[in-house]
2 protein chains.
Amino acid sequence: MNSAKKKPMLTNKESFVKRVSREILSGKWKPGDKLPSERELAAELGIGKTVVHSGFEKLASMGLVHIKPKSGVFVADYMKTGNIETLNAIVNLNGNELGSDIVAAILDLRLAVEGLALRALCACRSSEDIQYLRSLTKEIRDKSNCGEEELAEQFFIWHREICIRSGKSFFTLFMNTTHDVSIAFWVNYLRMYGISFAINRLEQFIDLIEARDGEGAYNLLASGISDYLARIDKQEQ
Amino acid sequence: MNSAKKKPMLTNKESFVKRVSREILSGKWKPGDKLPSERELAAELGIGKTVVHSGFEKLASMGLVHIKPKSGVFVADYMKTGNIETLNAIVNLNGNELGSDIVAAILDLRLAVEGLALRALCACRSSEDIQYLRSLTKEIRDKSNCGEEELAEQFFIWHREICIRSGKSFFTLFMNTTHDVSIAFWVNYLRMYGISFAINRLEQFIDLIEARDGEGAYNLLASGISDYLARIDKQEQ
DNA sequence: AAAAATTATCTGGTCGGACCAGTTCAATTA
DNA sequence: TAATTGAACTGGTCCGACCAGATAATTTTT
């Protein structure tokens, strides 16, 4: 997901974060373990302590470590105290492969957030909303030959627009918070169903929104999610 | 929420972040506006450019600004592209007061996440789970005379434990991601209902989990949420 | 005069040394 | 042996130096 731009070289900090997060998530360090001091790591890696510290701060914000001031840096019980960035790190380590439990969790959240946003939008939509969604869909159709991730981004943006226009702006913030894992999801979704199917689905949503059919739109979302999950389950068998 | 520890003095970076986020959220800067350069701000504030840069990075991770390398720093359309940290910043600016739309959004999410976790836990719970939840509840009862935020933290942790023990660990990560706004919610909830009521509610949940009554537990959550929202609505009239 | 090329200035980006303040551990004293 | 003190260790913050690319201004060419 940090592959938005080609990055031939990682900075010292990025390399450090990548290295340590991999070590933690792969089990080399266990929750509660004390990591080597900043000075030790700086000397060992031949970089400045400030960079190490900055890297640790990043790892802390990712929920992977707990920095105890003046004492040391400890591996966090990240599956218990971690956050969405922890999930992103796990997904990154797995080469952006989502296990079915992650997918299920994402989709449950999505049903909650977008389901409500869809109903709200159906109730309050203007003709300008419909127009905008149609033009956004057309844009996506015109970009059909782009790369996977770019397309995935477009689908994310389309669905985010539902939240934006529903008047439930805080849902938008939540949705953005799941951005990285959502992109991984959309990439997989587009592989599974194909771009045509996915675009037709967008058009179905628009028709339902235009018709102010909140229940219909919600059901379309829910059934799409169920189908996807069923396919994932079948794939894993 | 950054009041976990007494912080009599803010670092230069913290002051900078606080100042700029307030300026953005209060409307002094509009989405799309270009902020003064790092050098200008550093000179104006009498601090180092690196600190300004570090502060801008923080503001970017909060979804409030967009850093265009070599070009400048621009105010983001944060209600559209922001994330949970944006929400935290908004709530912070409002003195940790939650508007009803934020509350509704949080509770919708919570119903989705914890609702499923409750059902899952009812299906898979062990007697050790029940024991642990009871002892956790007792701990909370023993701490009843603590400060509001500490109590709120305890309630957050209790509900998080539902996710942890449900086997849906990724829900835990999502829940942790909403930590700060959730604490604001719990503080308000405890003010509204009182600590005794809130603890009794926990015990009701445990009884239902013990009885493996997933539907009952979900309904208890849903009805609690409805009641809270109704009270909020009434307060605002 | 307009367009293209070059140069200068501006921008954010990264790094590491210097210094700070608190914690922990070892040595000394009572 | 327990308490105290000092040293060593820890993370925390800041800033100047330098880098690389974008943008604006100037010069050259058509």
Side-chain angles (χ1 to χ4, degrees), chain A residues 2-21 23-24 29 31-76 81, chain B residues 2-21 23-24 29 31-76 81:
Chain A
N2 298 321
S3 58
K5 292 280 157 67
K6 287 195 246 188
K7 284 200 170 180
M9 288 299 292
L10 298 182
T11 61
N12 288 348
K13 178 183 168 183
E14 286 166 339
S15 294
F16 177 74
V17 168
K18 188 168 182 178
R19 175 188 171 133
V20 176
S21 58
E23 289 177 350
I24 290 173
W29 302 102
D33 284 355
K34 182 179 189 294
L35 294 174
S37 76
E38 293 179 356
R39 286 180 176 87
E40 281 173 349
L41 286 168
E44 178 187 324
L45 300 172
I47 60 179
K49 181 178 81 70
T50 314
V51 177
V52 173
H53 181 74
S54 182
F56 272 154
E57 279 188 330
K58 173 69 179 172
L59 289 161
S61 76
M62 287 162 74
L64 295 176
V65 303
H66 167 62
I67 301 175
K68 190 175 178 188
K70 326 294 185 212
S71 308
V73 179
F74 301 83
V75 178
T81 62
Chain B
N2 297 324
S3 58
K5 292 282 153 73
K6 286 193 245 185
K7 284 198 170 178
M9 287 299 292
L10 297 182
T11 62
N12 288 351
K13 179 183 167 183
E14 287 166 340
S15 294
F16 176 75
V17 169
K18 187 169 184 178
R19 174 191 171 131
V20 176
S21 57
E23 288 177 352
I24 290 173
W29 302 102
D33 284 356
K34 181 177 188 297
L35 294 173
S37 75
E38 295 180 354
R39 286 181 176 87
E40 282 173 348
L41 287 168
E44 179 188 324
L45 300 172
I47 62 178
K49 180 178 81 73
T50 318
V51 178
V52 172
H53 181 73
S54 182
F56 272 154
E57 281 190 327
K58 173 69 177 172
L59 289 161
S61 77
M62 289 162 74
L64 294 176
V65 303
H66 167 62
I67 301 174
K68 189 174 176 186
K70 324 292 186 223
S71 308
V73 180
F74 301 83
V75 177
T81 61

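The chains referred to below are lettered A, B, ... by the order of the sequence lines, with proteins before strands, and numbering in each begins at 1. Everything quoted here is computed from the prediction, not taken from an experiment.
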Subject >> NZ/Lys18(A): more than 12 non-hydrogen atoms of other groups inside 6.0 Å >> reply: no

**OP:** Using whole Å, report how far CE of Met9(A) lies from C1' of dC15(C).
**Re:** 14 Å

**OP:** Mind calculating the distance between CD (Glu57(B)) and P (dC15(C)) to the nearest angstrom?
**Re:** 11 Å

Original post:
Any idea how Phe16(A) and Phe56(A) line up, ring-wise: parallel (<30°), tilted (30 to 60°), or perpendicular (>60°)?
Top reply: perpendicular

Original post:
When the distance from CD of Glu38(A) to P of dC20(C) is rounded to whole Å, what number comes out?
Top reply: 18 Å

**OP:** Would you kindly give the CG-to-P distance between Leu59(A) and dG11(D), to the nearest whole Å?
**Re:** 13 Å

Subject >> Value in whole Å for how far the P atom of dG21(D) lies from CD1 of Ile67(B) >> reply: 18 Å

**OP:** Calculate the interatomic distance between Lys13(B) atom NZ and dG11(D) atom P; express it in whole Å.
**Re:** 17 Å

Original post:
Between Ser71(A) and Pro69(A), is there a donor-acceptor pair closer than 3.5 Å when you use the side chain of the first and the backbone of the second?
Top reply: yes

**OP:** May I ask you to say whether Glu44(A) pairs ionically with Arg19(A), meaning some side-chain N is under 4.0 Å from a carboxylate O?
**Re:** yes

Subject >> Distance, nearest 0.5 Å, that separates CG of Leu41(B) from CD1 of Ile47(B) >> reply: 8.0 Å

**OP:** Check the pair Thr81(B) / His66(B) against side-chain contact (heavy atoms from CB on, under 4.5 Å), numbers first and verdict last.
**Re:** CA-CA 10 Å; Thr81(B) 61; His66(B) 167 62; over 6 Å; no

Subject >> Results of salt bridge (Lys or Arg N to Asp or Glu O under 4.0 Å) for Lys58(A) - residues two or more places apart only >> reply: none

**OP:** Verify, without hydrogens or angle tests, whether Ser54(A) (side chain) and Thr50(A) (backbone) share a donor-acceptor contact under 3.5 angstrom.
**Re:** no

**OP:** Would you mind reading off the distance between Leu41(B) atom CG and dC15(D) atom P, rounded to a whole angstrom?
**Re:** 14 Å

What protein N or O atoms touch nucleotides 16-18 of chain C N or O atoms at under 3.5 angstrom, if any, and at what distances?
{"unit_1": "dG16(C)", "atom_1": "OP2", "unit_2": "Gly48(A)", "atom_2": "N", "d": "2.6"}
{"unit_1": "dG17(C)", "atom_1": "O6", "unit_2": "Thr50(A)", "atom_2": "OG1", "d": "2.4"}

Original post:
Would the number of heavy atoms belonging to other residues, nucleotides or ligands and lying under 6.0 Å from NZ of Lys68(B) be above 12?
Top reply: no

Subject >> Nearest-angstrom distance from the residue atom CZ of Phe16(B) to C1' of dC14(D) >> reply: 15 Å

Tabulate protein N/O versus nucleotide N/O from nucleotides 22-24 of chain D, keeping only pairs under 3.5 Å, one per line.
{"unit_1": "dA22(D)", "atom_1": "O3'", "unit_2": "Ser71(B)", "atom_2": "OG", "d": "3.2"}

Subject >> Nucleotide nearest Thr11(B) (side chain, heavy atoms from C-beta), chosen from dT13(D), dC18(D), dC20(C) >> reply: dT13(D)

